[in-house]
2 protein chains.
Amino acid sequence: MATPRSTSTDIARLAGVSRATVSYVLNARADQSISEATRNRVLAAARQLNYVPNAASRALRGGQSRLVMLINSGIPWSTNITEIEDELTRLVADSGRSLVVWRRQGPEDLVSTLANLEPCVAMSMSLLSDDESALLATVKIPLVESDLVAPGSDIPARLQVEHLVAHGHERLGYLTTSEPTLQRFATPRTGGFVAACEEFNLPEPRVAALPGGLELTVESVKEQLQAWQSEPHPVTAVACFNDFHAAVCLTAAAELGLWVPDDLAVMGLDDDIFAPLTRPALTTIKLDPHGLARHLWATAQYRLHEAPEPHPYVMDARVVERASVSEPV
Amino acid sequence: MATPRSTSTDIARLAGVSRATVSYVLNARADQSISEATRNRVLAAARQLNYVPNAASRALRGGQSRLVMLINSGIPWSTNITEIEDELTRLVADSGRSLVVWRRQGPEDLVSTLANLEPCVAMSMSLLSDDESALLATVKIPLVESDLVAPGSDIPARLQVEHLVAHGHERLGYLTTSEPTLQRFATPRTGGFVAACEEFNLPEPRVAALPGGLELTVESVKEQLQAWQSEPHPVTAVACFNDFHAAVCLTAAAELGLWVPDDLAVMGLDDDIFAPLTRPALTTIKLDPHGLARHLWATAQYRLHEAPEPHPYVMDARVVERASVSEPV
DNA sequence: ACCCGTAACTTTCACGTGTAAGTAACGAGG
DNA sequence: CCTCGTTACTTACACGTGAAAGTTACGGGT
C-alpha cells in the first residue's frame, strides 16, 4: 500500500538501462563513457522519482559511513561551543559527509550508539576514558580529541594574568568551578593562572572553586569575595573560569558595595553573548572557535588519510577590553 | 596490515558454528533452540573479538536504521532545550536506538544529510518548510514536529498575563524578538499575550520586538522602556519572550532609575539557569521539558507503529515566583 | 520396523549499492 | 576480410546482517 522508497533499480527500469549505468551516471564517473542521451534519461528519471541513495547500502558497500560524530559530554552551552559546532557542521558538509552531535548520558551508552551510528570518525570535546578510547580502537573508528588538538588550554588564563598585571594589579583571585564535566577545561586554566602569576613574580593568587548547577548562588560568591577582602592585603582583581561566573561575580560585588572596576577588577573568559550586556560590561578573553573547528577537522581528515598531518594547534586568544578592569585606585 | 573489524563470520569461525547460529544467539531469539553449551561458546567468542555489529548492514537488512534525528535550526541554547535533548536521548536509548542532533546550516543541506544519515524518524523543534516536509515524505521518513505536539505554545504568555493581573497590573508591555529563527516561538507567544489581555479586559498591551544577536543592547531596551514610560498611562509591568531578554530588561530598568519590582514589574520565561541569579531574582515561567520530550517521543513511536497515538499534549507551565514582580505602588 | 515430532543446528536468500569484468557493435587500419 | 581499439553499455559479485526454509540426529509411540 505504502509504496516503498525508490531505488536505483527503479531508475534503471524507468530509464531503460542497467543499474550499473545508473550508478555511473549518478556518481559522474569519468572513466566510464556514457552517451549524452542516456545520461539525460537517467538524470531525468532520478529527478522524477525523487531518488535519494540509501545510506546503509552505501556505507556497507563503501566500508565506511559518511557520518562524523561529535561527542558532547554535558558541556554547558556557550557561544564558543555553538560556533565550533556550526563551523564543524559546515566543514564536514563540504566533504560530502554530515556532522551529528551526540549528547551522551551514561558511559555504557557509547557501545550501542556506535553500533547504531557507525561514524567514519569520532570527535570529542572532552576527554574520553581509556575504556572508551579502546572501544573506538577495536571498532576501527578514529578518534580526535580536542585535548590533543589544544595543548594551549592554559593560554586564556595566562592572558588574564597578563592583562591584569598590565593594568597594575598584583594581588589576584581566581574563581574556577567544581563541576565535574568542566574539569577538563578548569584544571589547565587554573594551572595556567597560578603558573603565570609565579612567572610575573606576583604573590600567590587566591583560588576558589564555585559549585556547579543550581548550587551556584550570588551568596556563595559574596562569601568568597568577602573572605578575600578581609585579608590583610585584599585581592584587587578576580579572573573567572568563564563569563557566566564573572557575571555572577559582578552581581556579588555590587551587593557588597564593591565598585567594579575601581574597588575590584573582574575578568571573564569566552566573550559570551551577554558579556557586553553586563554592567559594567565585561572585559573578557575571546577564543577562536572557528580556528579550533578547522584544526579539529584537519586532524580528522588526517586520520581519514585524506590530508597531511596538520601543524600543532596554537590557541588563538585575545583580550576584549570593556569596562570591568581598570588600574587599581 | 590493519586487521579489519571483526564480523559475525569471525565469531562463527571461532565458535565453530554457522553464522545463523551466531545471529540467533546474539539476538536472543526465543523461537530458536540453541544448546546452552553452544550459546556460551558463541557469547565467549563475541566477547573475545570485541564484536560490535555493523550498523550499515543491520539497517540495510532491517529496512530502517536505529537512528533518530533531531533537527536543530539554530535555536539558541536554553536550559529547556538542553533538558529536552537530554531526556530525548535517554528515551530513544531505551528503545535500542540513538538520538543524534543535527544543527542545520542551510536549507539545501537536508537532502545530503538524509542521504548520509537515514534516520528512522526525524524530529524538529522548529517548523520545516513545505519543501522539506515533502522531501522527508518522499524518502519515507516520518517527521515529528514539535508544533504539532505543542499546540499550547501560547499558554506561557497567557500565564504571564494572568500572573501580572493577579498582582494588580493592568497596563502591560511585551518584549518579543525579531530573530527569524525564533519566530516559531515568538509569534504564538505574542498572540497569546495580546489575546489574554483582551480576555481580561485590559487596555491593549504595548508590544515591541527587540533585535537579535549582537544588536540586542541595553540601550535599545532602555529606549523602548522610556518610550513606554513617557506615555500618559505608563506601563507598570513588562513580560519578556525569554529570561535572557528579561535580564537585559532588568539592567535597562536599573539604569533608567526604575526600581524593580516597585516602579516596574519584569517577568521572564524559561526559568533558565541564571534566573535566580539576576537582581532582583527573576519571576518567570517554568515549562516542562521532560513532559514535552516524552510526548515528542511518544508521537515518534506512534509514527513508527510501535505505540498507540498519544493524547494531545497540553503544555504544562507554571509561574516561578521570585522577586521581580509585586503589586504596583 | 516405521513414523513423527522436536532439538539443534546449517544452507540460502534478500536488502541496495559500487564497481570489476565482460560483451556487443562499430569504424579504422592492414 | 580480418583484427583491433573504442564506445556504450550489461552482467555479476561483494559488503555484513537477519531470518525463512531446509537438514540432520535422536527419542518415543504404535
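All values derive from a computational prediction rather than experimental measurement. Every chain is numbered from 1 and lettered A, B, ... according to where its sequence line falls, protein lines coming before strand lines. Just so it is clear, the values below take in all heavy atoms, side chains as well, and ignore hydrogens, waters and symmetry mates.
For the pair Glu179(B) and Arg184(B), the salt-bridge criterion is not met [side-chain N within less than 4.0 Å of a carboxylate O]. Between Arg97(B) and Glu306(B) there is a salt bridge, with a side-chain nitrogen of the basic residue lying less than 4.0 Å from a carboxylate oxygen of the acidic one.
Under the 4.5 Å side-chain criterion, counting only non-hydrogen atoms from C-beta, Thr38(B) is in contact with Thr21(B). For the pair Arg13(B) and Arg19(B), the minimum side-chain heavy-atom distance is 4.5 Å or more.
In this structure, Arg61(A) does not reach the dT19(C) phosphate: none of its side-chain N or O atoms is under 4.0 Å from OP1 or OP2. At dG18(D), none of the side-chain N or O atoms of Arg29(B) fall inside 4.0 Å of OP1 or OP2 (strictly under the cut-off). Residue Asn27(B) places at least one side-chain N or O closer than 4.0 Å to OP1 or OP2 of dG18(D). For dG16(C), the OP1/OP2 oxygens have no side-chain nitrogen or oxygen of Arg58(A) closer than 4.0 Å.
Panel note: side chain Arg58(A), backbone Ser65(A); no donor-acceptor pair is recorded below 3.5 Å. Arg41(A) places a side-chain N or O within 3.5 Å of a backbone atom of Ala15(A) that can act as its donor or acceptor partner.
Between the C1' atom of dA19(D) and the CG atom of Leu26(B) lies a distance of 14 Å, rounded to the nearest Å. Taking atom CD1 of residue Ile11(A) and atom P of nucleotide dG18(C), one finds them 10 Å apart after rounding to whole Å. Rounded to whole Å, the distance from CG on Asn116(B) to P on dT17(C) is 14 Å. For the pair Leu60(A) CG and dT17(C) P, the interatomic distance rounds to 12 Å; values are reported in whole Å. Distance, Glu118(A) CD to dC15(D) C1': 12 Å, rounded to whole Å. Distance CD (Gln64(B)) to C1' (dG16(C)): 16 Å, rounded to an integer number of Å. Taking atom CG of Asp10(A) as the reference point, atom C1' of dT17(C) lies 13 Å away to the nearest angstrom.
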Listing time: all N or O pairs from protein to nucleotides 24-27 of chain D that are below 3.5 Å?
none

Give me, pair by pair, the N or O atoms of the protein and of nucleotides 8-10 of chain D that are less than 3.5 Å apart, along with how far apart they are.
| unit_1 | atom_1 | unit_2 | atom_2 | d |
| --- | --- | --- | --- | --- |
| dC9(D) | OP1 | Thr38(A) | OG1 | 3.1 |
| dC9(D) | OP2 | Ser35(A) | N | 3.1 |
| dC9(D) | OP2 | Ser35(A) | OG | 2.5 |
| dC9(D) | OP2 | Thr38(A) | OG1 | 2.6 |
| dC9(D) | N4 | Gln32(A) | OE1 | 3.4 |
| dT10(D) | OP1 | Ser18(A) | N | 3.4 |
| dT10(D) | OP2 | Ser18(A) | N | 2.6 |
| dT10(D) | OP2 | Ser18(A) | OG | 2.7 |
| dT10(D) | OP2 | Thr21(A) | OG1 | 2.6 |

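Rounded to the nearest 0.5 angstrom, Leu99(B) CG and Met123(B) CE are separated by 7.0 Å. Here the NZ-OG distance, from Lys140(A) to Ser6(B), works out to 8.0 Å after rounding to the nearest 0.5 Å.
Using a 4.0 Å heavy-atom criterion, one finds that Ser8(B) contacts the sugar-phosphate atoms exclusively.
In terms of position on DNA chain D, the residue among Ser57(B) and Asp31(B) whose nearest nucleotide sits closer to the 5' end is Ser57(B).
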Please list, one pair per line, the donor and acceptor atoms closer than 3.5 Å that link side chains of residues 110-121 of chain A to other protein atoms, with sequence neighbours excluded.
| unit_1 | atom_1 | unit_2 | atom_2 | d |
| --- | --- | --- | --- | --- |
| Ser112(A) | OG | Asp109(A) | O | 3.0 |
| Thr113(A) | OG1 | Asp109(A) | O | 3.0 |
| Asn116(A) | ND2 | Ser112(A) | O | 3.3 |
| Asn116(A) | ND2 | Gly96(B) | O | 3.0 |
| Asn116(A) | ND2 | Ser98(B) | OG | 2.9 |
| Glu118(A) | OE1 | Ala55(B) | N | 2.4 |
| Glu118(A) | OE2 | Arg5(B) | NH1 | 2.1 |
| Glu118(A) | OE2 | Arg5(B) | NH2 | 2.9 |

